[in-house]
Each structure stands twice: as structure tokens, then as C-alpha cells.
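Comments concern the structure below.
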Amino acid sequence: MAGNKQCGEHTELASNSAVRVTRCTCGTVHVTMLQNGVTVRMSADALRNAWAGLKGAIDRMDEPVPSFGSSIIN
């Protein structure tokens, strides 16, 4: 994130029925999950890294869930 600067006007980068992504004049990217209203503020590099992780999960979502030998995270 861009230091402790106050957020100003936002420019919408992308939006769909699930998410809205805006960039603030302070340089911070705001990602709002529309279903629950949670907004995460991060740098552009953090958004790129988060996207890479989400993309990896999306690519694997339709794989069958193994019945043994997998890691369980609660």
C-alpha cells in the first residue's frame, strides 16, 4: 500500500457481479467482494500475487477431492 496517505477519488478497473476493483489516487487498489461487502486494500503487486494464488485454486477446483493422503486445513 502507498504509505499512510488518505484515500481520494477512485477509478474503477473492473467490476462484475462478484467483485469490484478500483484504484485510489493514493495508489492503493481496493478489491470489494460484493456479496459480503468486504473491501481489501493492497498494492498493485499484492493484487497480482493474490490473483496468481486465486487463479491456481480456480484451475484446480474441479479436480476430485482425494480420500486419503491429502493435507486437511481447518
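Values below: every heavy atom of this structure, side chains too, minus hydrogens, waters and symmetry copies. Along the sequence shown, the residues carry numbers beginning at 1.
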Distance check, rounded to the nearest 0.5 Å: Thr28 atom OG1 versus Arg41 atom CZ?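 The OG1 atom of Thr28 sits 6.5 Å away from the CZ atom of Arg41.
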Atom pair NE2 (His10) and OG1 (Thr25), whose distance is rounded to the nearest 0.5 Å: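 His10 atom NE2 to Thr25 atom OG1 measures 7.0 Å (nearest 0.5 Å).
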Considering non-hydrogen atoms only, spot the tightest contact between [X] and [Y] and give its length.
X: Arg20; Y: Leu34; value: NH1-CD2, 3.9 Å
X: Val31; Y: Met42; value: CG2-CE, 4.2 Å
X: Thr22; Y: Glu12; value: CG2-CA, 3.9 Å
X: Gly8; Y: Cys24; value: N-SG, 2.9 Å

Co-membership, hydrophobic cluster, residues Leu47 and Val38, 4.5 Å side-chain: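 Both belong to a single hydrophobic cluster.
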Please check if Trp51 and Val21 belong to a single hydrophobic cluster, counting links between Ile, Leu, Val, Met, Phe, Trp and Tyr side chain heavy atoms closer than 4.5 Å.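 In one cluster with Trp51: Val21, no.
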Over 12 non-hydrogen atoms of neighbours within 6.0 angstrom of CD in Glu63: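 Yes, enclosed.
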